[in-house]
Amino acid sequence: MAGDTKFLLWLLLLNSSLLCFGSELDIQCLKSVQKSVIDPSGVLNSTWNFDDSTSGFICRFTGVECWHPDENRVLSLRLGNLGLEGPFPQGLQNCTSMSGLDLSSNSFSGPIPPDISRQMPYLIALDLSYNSFSGEIPSDISNMQYLVLLNLQHNQLSGQIPEQFDLLTRLTTFSVADNLLSGTIPSSLRNVSASNFVGNKELCGSPLDECSDSRKETGGISGESSIGAAVGFILGFVVALYFSRWFICSKRLRAYVLHI
Ligand SMILES: *[C@@H]1O[C@H](CO)[C@@H](O)[C@H](O)[C@H]1NC(C)=O
Ligand SMILES: *[C@@H]1O[C@H](CO)[C@@H](O)[C@H](O)[C@H]1NC(C)=O
Ligand SMILES: *[C@@H]1O[C@H](CO)[C@@H](O)[C@H](O)[C@H]1NC(C)=O
């Protein structure tokens, strides 16, 4: 509750304080994005024209949503399905009041920036699905505390899902389906439905099946050890019986001998 109030207060402050100096940085941000992205169909090249520079001109760019239509301040970047390629776009930290980033269904590749929370600390929605992003999911994503939606479905991401994701308390939509992830699903994500984890290399634990490695291991060990225990018990019993009989007999024998 306190966190949400703080968040609202922050939004209000952001809304008012960035009126004067936000726009220059936002223009810089989009220039940098355009420069760093490979755009074979020329969508950004043809619709992102920076010569105009009237107030709100970037709000008419393809995929750019502004807080107000006549103010050069990016609310969200929706660049889904534009045939874009190359590494994760650069310069996004200059879109200082951005709350949504959608790069879905393109051919972006390479790592997700390890300092992504510093670049976009106030994101509410991050959709990188249906690209070819590779490497590990940066644990730094867990510092993007306002995230409600995180979609990483259908990439080449490997390694484990960071344990720190339990810090993302606002998250309601989450998917890492169809990647190369492995390891145990963090307990904080166990309420997310299984379909959002399927199609990975070796991801396991609730809501998916138990981890097959440990299942095989415990199954193997317990099977072997129970057989071993049974064999040991029988062997011990036989030996004990044999020796006790031998001991008793020899004692009796000795007593008998002594008695005589
Ligand atoms: C971008 O568009 C301009 C004309 O609007 C053209 O001259 C230029 O070659 C284009 N650049 C790319 C990389 O497509
Ligand atoms: C952000 O904008 C400033 C000012 O225009 C520029 O000097 C800086 O290089 C930009 N940062 C990035 C990461 O593009
Ligand atoms: C999962 O959901 C149950 C009830 O639906 C809730 O009590 C529990 O706290 C949730 N667990 C997590 C880790 O979100």
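What you see is a predicted model, and the numbers here were worked out from it, not measured in a lab. All ligand and atom numbering here is 1-based and tracks the order in the structure.
- The proximity of E24 to ligand 2, defined as any non-hydrogen pair under 4.0 Å, does not occur for either the backbone or the side chain.
- Protein heavy atom in closest approach to atom 2 (O) of ligand 2: N94 ND2, 2.2 Å.
- In this structure a side-chain-to-backbone donor-acceptor pair under 3.5 Å is present from D39 to G42.
- A 4.5 Å side-chain heavy-atom check between S23 and R73 finds every atom pair outside the cut-off.
- The ligand atoms of ligand 2 that sit less than 4.0 angstrom from a heavy atom of G91 are 13 (C), 14 (O).
- Between the side chains of T47 and T62, at least one donor N or O sits under 3.5 Å from an acceptor N or O.
- Looking at heavy atoms from C-beta onward, I116 lies in side-chain contact with M144 at the 4.5 angstrom threshold.
- Contact check for N151 versus F174: no side-chain heavy atoms found under the 4.5 Å cut-off.
- Distance remark: protein heavy atom present below 4.0 angstrom from atom 14 (O) of ligand 2.
- Cluster membership check: I161 does not share its hydrophobic cluster with L149, using side-chain heavy-atom separations under 4.5 Å among Ile, Leu, Val, Met, Phe, Trp and Tyr.
- The protein heavy atom nearest to atom 4 (C) of ligand 2 is L25 CD2, 4.0 Å.
- Looking at atom 5 (O) of ligand 2, its nearest protein heavy atom turns out to be Q28 CG, 3.2 Å.
- The nearest protein heavy atom to atom 7 (O) of ligand 2 is not closer than 4.0 Å.
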